[in-house]
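Worth saying up front: this structure is predicted, and the values here are computed from it rather than measured.
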Amino acid sequence: VDVYDNLYKTWKPDHFDARQWIEIARDAGMKYIIFLVKHHDGFCLFDSKLTDYKITGPESAWKVDVMKEVADACHEAGLKLIVYYSQPDWHHPDYRSKTHHRYIEYLHGQVRELLTNYGRIDGFWFDLGGKPEDWDTVRLFRMMRTLQPWLIINNRCGLPADFDTPEQRLGTFQLERPWETCMTLGTQWSWKPDDKIKSLKECIDVLVTCAGRNGNLALNTGPMPDGRIEPRQAERFRQIGDWLKRHGESIYGTRGGPFWALNCLSTRRDNTIYIHVLRWYDDVLTLPPIPRTMTSCRLLTGGTPRIDQTGRCITIVVPPEHRQELDTILAMELDGSAMDLDPVNLAWGPLSYGKKVSASHIYDKNPAVTAVYRPENAVDGDPHTGWTFNPDVPAAWIEVDLGREETIDRAWLNEPYGRIRQFEFEVKRADRWVTVHQGTTIGEDFRLEFPPETTRFVRLHVLQYTVNPLIGELQVFRAKAD
């Protein structure tokens with residue numbers, strides 16, 4: 001702690017250039033940024049008059065008001081600016097003490113400074129929640145909206161406020177309330193050397209899934225110690241932006257729905273529905289009937305689809321040569337509005353998606369994070385979540401109930417850290433388990449095929465491992481027709 005708490009006395013990120021940061025954000029296709037001005041440690045990246053524990057303080061080596069630089073660059077570029085401000089403060093002597101009321105006044109004063117001294121602020125992003133009385137939130141919000149009435153505020157200051165913030169996971173389909181997934185491009189919130197960053201495919205999957213489920217995406221990067229955005233990460237953002245330049249009409253200004261499933265989602269605007277197929281599990285995509293007539297359908301990603309609309313369904317066939325690895329996008333024009341169509345969860349892709357799950361063991365070594373590793377996370381369609389068990393368990397299994405008997409012949413497993421050394425994949429025949437595949441390692445993208453089996457229950461049995469593994473996904477698929 002002593003080492004960390006003294007770094008600001010020598011830290012001078014001389015390559016910092018706020019306009020370059022904003023240029024990267026705009027190249028990525030972003031419409032707003034969220035800039036962190038104070039985290040839980042209490043150190044301020046803005047020129048607060050209420051503390052010397054700040055970037056412009058007397059002991060700071062680099063006396064630059066970073067917030068001013070970023071705000072000015074955003075305003076010049078026409079990019080909306082949301083301020084991240086952690087209301088918990090481990091440095092302030094009054095925080096969570098008998099004189100916590102003095103800390104509340106400090107907090108209110110700093111928020112007032114941010115909303116008074118840096119021009120237009122479009123939103124505020126608090127963190128770690130708490131109760132309204134912890135921060136006198138009602139009075140705080142009243143003051144904030146008096147100073148800048150257009151503010152949007154997230155749900156982490158003791159009140160629901162304007163939008164939800166699922167963290168490091170994909171939000172669920174929701175039309176009633178806005179939400180924004182916050183997720184890292186790498187493996188953690190701050191920069192670290194040689195970090196593993198998400199592939200372009202992973203980034204597009206997350207972006208499209210958020211849009212299709214009616215949410216936003218805040219994709220995080222942390223600058224290097226010298227103030228630059230790491231070139232690798234900057235390039236990934238530019239690749240996302242290049243994709244959005246070609247296909248942004250299917251993302252920007254749309255609402256999620258009406259159709260959604262795992263790796264097949266839709267967005268809509270006015271009379272247009274955009275169908276996004278992130279992975280092709282079958283050759284024919286079948287949509288339920290809608291009370292509108294389709295007037296045209298085109299592939300935004302190139303090629304010609306075959307479409308048939310009847311009173312019973314809409315069938316879509318895209319030849320394999322016209323399917324895109326990142327996202328195959330169809331634009332369906334209707335003879336009326338798409339905005340009032342009821343949302344429908346499609347029967348597409350894995351049979352195990354969202355089904356009932358049980359496990360031999362549940363991770364409870366640290367109860368605070370037990371919910372992060374529950375069995376149902378292995379069938380939620382999000383590889384960033386998953387199931388694990390305590391590290392002292394010699395073997396463990398996870399079982400999926402498909403709800404009824406299905407004939408299956410394929411499975412896809414995701415185990416991102418490569419810790420498994422022996423496993424079996426099993427199906428239940430009558431009252432006994434039968435192994436249909438034995439293996440040693442799984443990894444992030446393990447696909448297995450086996451002769452067709454008719455069963456209601458499937459199970460992954462982990463027999464040997466190095467450290468307790470994370471099963472990100474366990475998905476099985478209906479047998480292909482001959």
Side-chain angles (χ1 to χ4, degrees), residues 23-33 78-80 170-171 173 179-181 183 185 197-219 221 233-281 285 287 294-307 314 316-334 337-339 341 343 346 348-349 381:
E23 180 182 353
I24 292 171
R26 293 190 68 188
D27 287 347
M30 298 180 187
K31 299 300 184 182
Y32 62 92
I33 68 163
L79 193 68
K80 293 183 184 298
L170 298 168
F173 186 89
W179 60 269
E180 170 198 73
T181 279
M183 187 175 287
L185 182 59
I197 65 173
K198 290 179 174 59
S199 67
L200 179 59
K201 171 61 176 170
E202 289 176 299
C203 292
I204 299 303
D205 281 358
V206 170
L207 172 62
V208 169
T209 301
C210 286
R213 294 181 181 180
N214 203 47
N216 275 23
L217 171 64
L219 189 60
T221 183
Q233 300 198 21
E235 177 59 25
R236 181 69 77 243
F237 280 116
R238 292 188 185 99
Q239 291 172 343
I240 297 170
D242 289 341
W243 184 87
L244 281 165
K245 287 174 185 175
R246 298 192 302 273
H247 309 305
E249 72 167 89
S250 68
I251 301 292
Y252 295 126
T254 63
R255 298 295 303 271
F259 311 120
W260 62 282
L262 179 60
N263 292 317
C264 180
L265 304 108
S266 66
T267 54
R268 49 183 160 171
R269 183 195 304 107
D270 300 329
N271 290 14
T272 305
I273 299 175
Y274 299 96
I275 307 293
H276 297 261
V277 184
L278 298 171
R279 283 174 180 78
W280 286 90
Y281 299 116
L285 173 61
L287 306 177
M294 184 168 44
T295 58
S296 68
C297 185
R298 56 194 169 95
L299 270 171
L300 298 189
T301 45
T304 304
R306 297 200 308 270
I307 310 292
I314 301 171
I316 300 174
V317 176
V318 175
E321 63 270 20
H322 295 159
R323 301 173 191 171
Q324 302 298 313
E325 179 184 0
L326 291 179
D327 182 13
T328 305
I329 310 172
L330 301 102
M332 295 171 45
E333 303 291 341
L334 308 179
S337 176
M339 305 308 293
L341 298 176
L346 302 177
W348 167 262

Q.
Applying side-chain contact (heavy atoms from CB on, under 4.5 Å) to Trp243 and Val208, what does each step give before you reach the verdict?
A. CA-CA 11 Å; Trp243 184 87; Val208 169; 3.8 Å; yes
Q | From CA spacing to verdict: side-chain contact (heavy atoms from CB on, under 4.5 Å), Ile316, Val277 | A | CA-CA 11 Å; Ile316 300 174; Val277 184; over 6 Å; no
Q. How far apart are the C-alpha atoms of Arg279 and Leu262, what are their side-chain angles, what is the distance that settles it, and do they pass the side-chain contact (heavy atoms from CB on, under 4.5 Å) test?
A. CA-CA 9 Å; Arg279 283 174 180 78; Leu262 179 60; over 6 Å; no
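- At a threshold of 4.5 Å between non-hydrogen side-chain atoms, the residues Thr295 and Asn271 do not count as touching.
- Within the 4.5 Å cutoff, no side-chain heavy atoms of Leu207 are placed close to those of Leu219.
- A donor atom on one side chain and an acceptor atom on the other are not found under 3.5 Å apart for Tyr252 and Arg269.
- For the atom pair Ile307 CD1 and Leu285 CG, the distance stands at 8.5 Å (nearest 0.5 Å).
- The side-chain heavy atoms of Thr181 and Thr209, taken from C-beta on, include no pair separated by under 4.5 Å.
- In this structure, Leu185 CG and Ile240 CD1 are separated by 6.5 Å, a value rounded to the nearest 0.5 Å.
- Ring geometry for Trp348 versus Trp280: interplanar angle over 60°, hence perpendicular rather than tilted (30 to 60°).
- Annotation: Glu321, atom CD; neighbour count of heavy atoms from other residues, nucleotides and ligands within 6.0 Å is above 12.
- Arg236 and Gln233 share no donor-acceptor pair across their side chains, judged by distance under 3.5 Å alone.
- Shown here for Gly29 and Leu244, the closest heavy-atom pair between the two residues is CA-CD1, 4.1 Å.
- For Arg246, the CZ atom is densely surrounded, since the number of other residues' heavy atoms within 6.0 Å is greater than 12.
- In this structure, Arg298 CZ and Thr304 OG1 are separated by 13.0 Å, a value rounded to the nearest 0.5 Å.
- Looking only at side-chain heavy atoms (C-beta outward), Ile204 and Glu325 stay at 4.5 Å or farther from each other.
- Pairing each heavy atom of Phe173 with each of Gly256, the nearest pair is CE1-C, 4.0 Å.
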Q) Under the side-chain contact (heavy atoms from CB on, under 4.5 Å) criterion, do Cys210 and Asn216 qualify, and how do the steps go? A) CA-CA 6 Å; Cys210 286; Asn216 275 23; over 6 Å; no
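- Residues Thr254 and Arg268 form no side-chain contact, since every pair of their non-hydrogen atoms from C-beta on lies 4.5 Å or further apart.
- Under a 3.5 Å cut-off, the side chain of Ser266 and the backbone N or O of Tyr274 do not form any donor-acceptor pair.
- Leu326 places none of its side-chain heavy atoms less than 4.5 Å from the side chain of His247.
- The OG1 atom of Thr267 sits 14.0 Å away from the CZ atom of Arg213 when rounded to the nearest 0.5 Å.
- Nearest approach of Ala25 to Leu79, heavy atoms of both residues: CB-CD2, 4.0 Å.
- Between Phe237 atom CZ and Asp242 atom CG the span is 13.5 Å, to the nearest 0.5 Å.
- Shown here for Val318 and Arg323, the closest heavy-atom pair between the two residues is O-NE, 2.9 Å.
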Q: Please step through salt bridge (Lys or Arg N to Asp or Glu O under 4.0 Å) for the pair Asp205 and Lys198, ending with a clear verdict.
A: CA-CA 11 Å; Asp205 281 358; Lys198 290 179 174 59; over 6 Å; no
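- Counted within 6.0 Å of CZ on Arg26, heavy atoms from surrounding residues, nucleotides or ligands total 12 or fewer; the atom is thus considered open.
- The CE atom of Met332 sits 5.0 Å away from the CD1 atom of Ile273 when rounded to the nearest 0.5 Å.
- Taking every heavy atom of both residues into account, Pro305 and Cys297 meet most closely at CG-O, 4.2 Å.
- When side chains are defined from C-beta on, Asp327 does not count as touching Thr301, because their heavy atoms never get closer than 4.5 Å.
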